[in-house]
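Computed from a predicted model, the values in this text were never measured in an experiment.
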Amino acid sequence: MTTASGARVDARGWGWRHAGRLRPAVSGLDLVVEPGERVLLLGASGAGKSTLLAGLAGVLGGDEEGDATGELLVDGRPPTEQRGRVGLVLQDPDSQVVLARVGDDVAFGCENVGVPRDETWRRVDEALDAVGLDLPRSWPTAQLSGGQKQRLALAGALAMQPGLVLLDEPTANLDPEGVVEVRDAVARVVEATGATLVVVEHRVSVWLPVVDRVVVLAAGGGVLADGRPDDVLGHERVRLTEAGVWVPGAAPALPHRHRASSSGPLLEASALAVGRRGARGPAVASGVDLVVDDARALVLTGPNGAGKSTLALTLAGLLAPAGGALRATELLAAGAGPSPARWRSRQLLSRVGTVFQDPEHQFLTATVRRELAVGPEALGESPAEVDSRVDELLARLRLDHLAGANPFTLSGGEKRRLSVATVLASRPRLLVLDEPTFGQDARTWRELVALLAELVDEGRSLVAVSHDAEFVAALADDVVALERPVGREAVA
């Protein structure tokens with residue numbers, strides 16, 4: 001892969017406030033990134049990292065989407081005039097899947113900037129190989145796992161051979177092997193092309209071998225720290241830790257557990273096979289035997305494509321088993337019957353609460369406060385009870401200053417905490433969470449894990465899908481490790 005040169009970034013007093021939010025996401029930012037620099041962009045959840053990347057990619061929207069201040073330039077021009085020069089990979093890979101087949105999706109960006117057909121397909125094959133997505137061009141994008149969609153989005157960005165590569169938590173939903181593969185692929189590409197790299201990632205140690213500069217955004221605006229990685233992470237260690245930055249070597253404080261005694265199993269799976277609704281072909285996972293016990297936390301682990309998310313949705317009653325047996329005991333069913341997939345919505349609401357891998361898939365209202373009230377109101381709770389519970393969750397998960405904001409304007413980490421809070425608001429007996437710690441800084445991670453630990457210790461049950469080793473160590477009472485079946489490369 002070759003490109004003309006790395007792009008230069010200039011921010012001069014730049015800021016952005018989303019419509020529907022009282023506070024600006026970014027303010028007073030003065031920053032210069034020279035061509036070819038490789039920058040790790042850090043900061044607390046909500047500090048504006050994703051907003052800055054969206055601004056540099058020219059995708060923040062017009063005046064109806066928010067208000068800009070100051071100046072933001074790429075190679076001396078507004079980013080909206082430089083889209084062929086900038087490649088962006090978002091936090092949510094689903095939002096970047098455009099076309100139905102893998103090859104067409106990777107080619108989409110190249111075609112939009114007028115790359116000749118033969119050159120486009122050469123770039124597509126190179127990009128797929130670079131990110132380790134070993135699939136034919138004709139493979140359906142609908143059959144990719146979340147982690148594979150992240151690789152796909154990265155391939156689409158790299159195929160454009162941009163002068164500025166912007167990555168927003170590109171390894172968040174990848175298994176440990178995939179994290180290293182994707183990081184190394186990015187390193188090879190920027191080395192070969194001379195592209196400028198700006199990457200946002202809460203888990204700092206992953207990218208330290210690749211970057212030559214660390215920039216930390218301050219939560220209140222501007223830059224908290226800027227310099228060589230060793231200098232910033234060494235000299236500013238205490239200040240960064242207090243700000244919620246994941247500083248390598250600073251292990252997160254794990255909650256002290258006071259486990260309640262279990263009353264017995266809630267769900268029992270025997271030779272269970274699971275698959276997406278309407279999907280053709282073999283089940284994405286089969287032969288699963290497990291028990292979800294009362295007052296315990298079970299974590300599903302394993303490589304991308306092993307079927308963890310599909311299994312979680314099946315345990316939550318949102319997908320019917322593709323084979324085998326899944327039985328809810330009376331301890332969970334409480335008269336609703338042994339098959340969770342046959343329960344009505346209201347029966348599920350008080351028994352099982354589900355947090356999807358993509359938090360936006362479960363937002364229903366125009367404000368954060370209203371979002372938290374939906375579940376308790378549907379269960380017929382009084383206005384006073386609803387208000388009390390909503391206030392408690394807003395404060396506990398550091399969302400109180402966003403109570404009047406539109407959920408879709410929140411940062412990735414804030415959206416994740418809101419999605420978890422919406423489930424907690426209904427107080428179900430069983431929580432099913434898909435990557436619950438995605439996008440969290442060290443401080444919000446501790447608070448979220450402590451809250452979940454309290455719920456389990458009080459007698460709730462938890463099933464979580466996670467690649468987060470610290471989360472597993474802090475919370476898992478039981479671990480089920482799935483394996484990707486031999487000969488199958490991609491599943492939903």
Side-chain angles (χ1 to χ4, degrees), residues 252-270 272 288-301 308-309 311-318 325-341 343 346-356 375-376 379 381 385 389 392-393 396-397 417 419-437 445-466 468-482:
L254 304 183
H256 183 64
R257 303 291 303 278
H258 300 280
R259 291 174 173 83
S261 58
S262 175
S263 299
L266 300 181
L267 288 172
E268 297 173 325
S270 176
L272 180 65
V288 177
D289 297 308
L290 60 80
V291 174
V292 178
D293 280 313
D294 177 54
R296 290 180 70 84
L298 182 150
V299 180
L300 305 175
T301 66
K308 301 182 298 298
S309 295
L311 174 58
L313 291 174
T314 305
L315 295 176
L318 300 179
L326 176 64
R327 184 182 74 89
T329 70
E330 188 60 20
L331 196 61
L332 178 64
S339 176
W343 294 348
R346 188 179 178 86
Q347 291 173 315
L348 273 174
L349 186 62
S350 60
R351 292 167 174 80
V352 185
T354 306
V355 172
F356 301 126
L379 292 173
E381 298 189 9
E385 290 173 322
R389 191 170 307 168
E392 177 188 358
L393 288 169
R396 189 69 187 271
L397 293 175
R417 296 203 300 283
S419 65
V420 173
T422 59
V423 170
L424 299 182
S426 299
R427 296 183 175 176
R429 184 70 177 265
L430 171 63
L431 302 172
V432 178
L433 314 177
D434 199 340
E435 298 289 357
T437 57
W445 183 95
R446 287 193 299 269
E447 292 163 351
L448 181 57
V449 169
L451 178 57
L452 294 175
E454 285 180 19
L455 292 172
V456 175
D457 291 347
E458 290 169 359
R460 308 287 174 82
S461 299
L462 172 70
V463 172
V465 173
S466 185
D468 182 346
E470 286 88 354
F471 176 82
V472 176
L475 209 58
D477 297 310
D478 306 294
V479 176
V480 173
L482 300 185

Does any part of the side chain of Leu315, heavy atoms only, come nearer than 4.5 Å to the side chain of Leu430, both counted from C-beta? no
Which is it for Val420 and Leu451 under the side chain to side chain contact (heavy atoms under 4.5 Å, CB included) test, yes or no, and what are the steps along the way? CA-CA 10 Å; Val420 173; Leu451 178 57; 6.0 Å; no
With sequence neighbours left out, write down each residue that passes side chain to side chain donor-acceptor pair (under 3.5 Å) with Arg389, or none if nothing qualifies. Glu381
Supply the atom-to-atom distance Leu300 CG to Lys308 NZ, rounded to the nearest 0.5 angstrom. 8.5 Å
If you compare all heavy atoms of Ser461 against all heavy atoms of Ala295, which two are closest, and at what distance to 0.1 Å? OG-N, 2.9 Å
Does any pair with a residue in residues 449-460 pass salt bridge (charged side-chain N to carboxylate O under 4.0 Å, His left out), and if so which ones, sequence neighbours excluded? Arg257-Asp457, Arg396-Glu454
Identify the two heavy atoms, one from Leu349 and one from Ser426, that lie closest to each other, and give their separation to 0.1 Å. CD1-OG, 3.6 Å
Could you check if a side-chain atom of Val456 sits within less than 4.5 angstrom of a side-chain atom of Asp477, using non-hydrogen atoms only? yes
Please check this pair: side chain of Arg327 against backbone of Ser270, looking for a donor-acceptor N/O pair closer than 3.5 Å. no
Using the side chain to side chain donor-acceptor pair (under 3.5 Å) criterion, which residues pair with Glu392? Sequence neighbours excluded. none
Among Thr301, Leu298, Val292, Asp289, the one residue meeting side-chain contact (heavy atoms from CB on, under 4.5 Å) with Val480: Leu298
Which atom of Pro340 lies closest to which atom of Leu348, heavy atoms considered: O-CD2, 4.3 Å
Taking side chain to side chain donor-acceptor pair (under 3.5 Å) as the test, write out the residues that go with Thr437, two or more places apart. Asp468
Evaluate the side-chain proximity of Asp478 to Val291: yes if any heavy-atom separation is below 4.5 Å, no if none is. no
Report, one line per pair, each donor and acceptor closer than 3.5 Å where one atom sits in a side chain of residues 260-267; sequence neighbours left out.
| residue | atom | partner | partner atom | Å |
| --- | --- | --- | --- | --- |
| Ser262 | OG | Gly264 | N | 3.1 |
| Ser262 | OG | Asp294 | O | 2.9 |
| Ser263 | OG | Asp294 | OD2 | 3.3 |

Which atom pair, heavy atoms only, marks the closest approach of Ala312 to Val465? CB-CG2, 3.8 Å
pair Glu435-Ser466: side-chain heavy atoms closer than 4.5 Å: yes
Value rounded to 0.5 Å, distance of CG in Leu290 from CD in Glu268: 10.0 Å
With the side chain counted from C-beta on, respond yes when Pro436 and Val355 share a heavy-atom pair under 4.5 Å apart, and no when they do not. no
On a heavy-atom basis, which atom in Ala453 and which in Pro255 lie closest, and how many Å separate them? CB-CG, 3.9 Å
Test log, rule side chain to side chain contact (heavy atoms under 4.5 Å, CB included), inputs Leu318 and Phe356: CA-CA 11 Å; Leu318 300 179; Phe356 301 126; 3.6 Å; yes
Heavy-atom distance under 4.5 Å between the side chains of Leu455 and Leu462, does that happen here? no
Please report the closest heavy-atom contact between Val423 and Thr354, naming both atoms and the distance. CG2-O, 3.3 Å
Checking Asp293 now: which residues fulfil side chain to side chain donor-acceptor pair (under 3.5 Å) with it, not counting sequence neighbours? none
Determine yes or no for a side-chain-to-main-chain donor-acceptor pair under 3.5 angstrom, with Trp343 supplying the side chain and Gly317 the backbone. no
